[in-house]
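Note sheet for the following structure.
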2 protein chains.
Amino acid sequence: MSLTHIQSFIAVAEEGHVGRAARRLHLSQPPLSRHILALEDELGTPLFERTSRGMRLLPAGETFLLHARRILAEVDAAVHTVRKVGTGPVEQ
Amino acid sequence: MSLTHIQSFIAVAEEGHVGRAARRLHLSQPPLSRHILALEDELGTPLFERTSRGMRLLPAGETFLLHARRILAEVDAAVHTVRKVGTGPVEQ
DNA sequence: AGGATTTACGTGGGCCGTAATTATG
DNA sequence: CATAATTACGGCCCACGTAAATCCT
């Protein structure tokens with residue numbers, strides 16, 4: 001599992017489409033598709049239903065989406081908070 | 001930033017010592033040291049004070065440690081929750 | 001001088017992108 | 001047959017490990 005995989009998952013979940021998500025991430029489809037497959041493999045369950053028009057979230061995917069967003073938000077918070085603490089006190 | 005870097009940071013913070021943390025992570029010192037340096041670079045502030053006996057957390061490091069643990073806990077929760085959802089319902 | 005971190009440097013594995021393949025309506 | 005996802009495959013980059021250097025007490 002990696003933060004990149006999580007970002008990829010969120011993009012595909014929101015676009016419902018690997019191609020569009022890939023453009024949004026400035027990435028080509030194959031690696032993006034592999035990110036999703038790797039996640040599904042690691043989690044031991046499919047996250048999307050593959051249709052001929054794209055990908056739709058399964059229940060497990062909906063659940064993971066909530067967690068995924070929380071993880072990235074937490075990372076963001078960490079960065080911003082630490083930057084503030086780091087540059088706040090005297091900083092010799 | 002990567003989950004690996006975060007794990008590395010936590011290990012060094014808890015051991016107060018790159019060498020011991022490296023053994024605990026089954027990794028050699030140089031990459032581990034680079035993980036910390038990369039984090040500090042990305043966050044724009046030092047996280048540890050380097051002493052001749054190891055490394056001690058600075059205030060920014062203490063702050064980051066709280067967030068780091070929350071991030072990994074969130075990842076863990078995501079994995080376990082999704083595994084449950086995935087294997088729960090009918091699973092045709 | 002001893003114990004620690006950090007830099008140099010060469011190598012191997014992993015990830016990307018192009019191209020080909022498969023699947024589905 | 002068109003559109004979407006996936007697999008094959010070649011190449012580059014990044015991260016590791018060994019070894020050397022640096023720093024501090």
Side-chain angles (χ1 to χ4, degrees), chain A residues 1-62 64-65 68 71-72 75 86 92, chain B residues 1-62 64-65 68 71-72 75 86 92:
Chain A
M1 171 114 46
S2 79
L3 295 176
T4 301
H5 287 173
I6 293 173
Q7 279 177 301
S8 293
F9 167 78
I10 292 175
V12 172
E14 289 179 353
E15 300 287 346
H17 196 285
V18 172
R20 277 193 296 275
R23 280 195 293 279
R24 164 170 154 189
L25 295 169
H26 304 295
L27 197 69
S28 65
Q29 293 89 337
L32 182 48
S33 175
R34 286 191 291 256
H35 292 179
I36 305 300
L37 291 169
L39 269 178
E40 292 178 323
D41 181 62
E42 184 171 359
L43 294 172
T45 183
L47 300 170
F48 291 98
E49 181 194 355
R50 274 74 170 169
T51 83
S52 69
R53 274 225 251 3
M55 327 232 318
R56 190 168 49 241
L57 281 173
L58 293 172
E62 301 271 13
F64 188 63
L65 181 56
I71 291 166
L72 292 197
V75 169
Q92 172 145 335
Chain B
M1 171 111 48
S2 78
L3 294 176
T4 302
H5 288 172
I6 293 173
Q7 278 176 303
S8 294
F9 168 78
I10 292 175
V12 172
E14 289 179 354
E15 299 288 345
H17 197 285
V18 172
R20 277 193 297 273
R23 279 194 294 279
R24 164 170 154 189
L25 295 169
H26 305 295
L27 196 70
S28 66
Q29 293 89 337
L32 182 48
S33 175
R34 285 190 292 256
H35 292 180
I36 305 300
L37 291 169
L39 268 179
E40 293 178 321
D41 181 62
E42 184 171 359
L43 294 171
T45 183
L47 300 171
F48 291 98
E49 180 193 356
R50 273 75 169 170
T51 84
S52 68
R53 274 224 248 8
M55 325 228 325
R56 191 170 43 242
L57 282 173
L58 293 172
E62 300 272 13
F64 188 64
L65 181 56
I71 291 166
L72 292 198
V75 169
Q92 174 146 336

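Because only heavy atoms are used, hydrogens play no part in the values below, and waters and symmetry mates are left out as well, while side chains stay in. From a predicted model like this one, the values you see are computed outputs, not experimental measurements. Letters go in sequence order (proteins before strands), and every chain restarts at 1.
- Checking dG17(C), dT6(C), dG17(D) against the side-chain heavy atoms of Arg50(B) singles out dT6(C) as nearest.
- Whole-Å rounding puts the Asp41(B) CG to dT6(C) C1' distance at 15 Å.
- Under the 4.5 Å side-chain criterion, counting only non-hydrogen atoms from C-beta, Glu40(A) is not in contact with Thr45(A).
- In this structure, CZ of Arg23(B) is placed 10 Å from P of dT5(C), rounded to the nearest angstrom.
- Remark on DNA chain C: of its neighbouring residues Ser33(B) and His5(A), the 5'-side contact belongs to Ser33(B), judged by nearest-heavy-atom nucleotide.
- Rounded to whole Å, the distance from NE2 on His26(A) to C1' on dC15(C) is 18 Å.
- Residues Glu15(A) and Arg24(A) have side chains in contact (heavy-atom distance under 4.5 Å, counting atoms from C-beta outward).
- Summarising the geometry, the separation between CD on Glu49(B) and P on dC24(D) is reported as 12 Å, rounded to the nearest angstrom.
- For Leu27(A), taking side-chain heavy atoms from C-beta onward, the closest of the listed nucleotides dG17(C), dT6(C), dG17(D) is dG17(C).
- Within a 6.0 Å sphere centred on CZ of Arg53(B), heavy atoms belonging to other residues, nucleotides or ligands number 12 at most.
- OP1 or OP2 of dG17(C) has at least one side-chain nitrogen or oxygen of Ser28(A) nearer than 4.0 Å.
- One atom, CD of Glu15(B), and another, P of dG3(C), lie 19 Å apart when rounded to the nearest Å.
- Between the side chain of Arg34(A) and the base of dG17(C) there is at least one donor-acceptor pair of N/O atoms closer than 3.5 Å.
- Candidate nucleotides dT25(D), dA4(C), dC16(C) were compared by shortest atom distance to the side chain of His17(B), and dA4(C) ranks first.
- With respect to Leu47(A), the side-chain contact (heavy atoms from CB on, under 4.5 Å) criterion is satisfied by exactly one of Leu65(A), Leu58(A), Leu39(A): Leu39(A).
- Residue Arg53(A) is the one, among Leu37(A) and Arg53(A), whose nearest nucleotide of DNA chain D lies closer to the 5' end (criterion: closest heavy atom).
- Ring planes of Phe9(B) and Phe64(B): perpendicular class, angle over 60° (limits at 30 and 60°).
- Distance, Arg56(A) CZ to dG25(C) P: 11 Å, rounded to whole Å.
- Computed from coordinates, the Leu39(A) CG to dT6(D) P distance equals 13 Å when rounded to whole Å.
- Side-chain proximity of Pro30(A) to the nucleotides dA8(D), dG17(D), dT5(C) is greatest for dA8(D).
- For His35(B), counting side-chain heavy atoms from C-beta on, the closest listed nucleotide (dC24(D), dA5(D), dC16(D)) is dC16(D).
- Dashed line: the shortest gap from a side-chain N or O of Ser52(A) to OP1 or OP2 of dT3(D) is not under 4.0 Å.
- Regarding Gln29(B), its CD atom lies at a distance of 11 Å from the C1' atom of dG3(C), rounded to whole Å.
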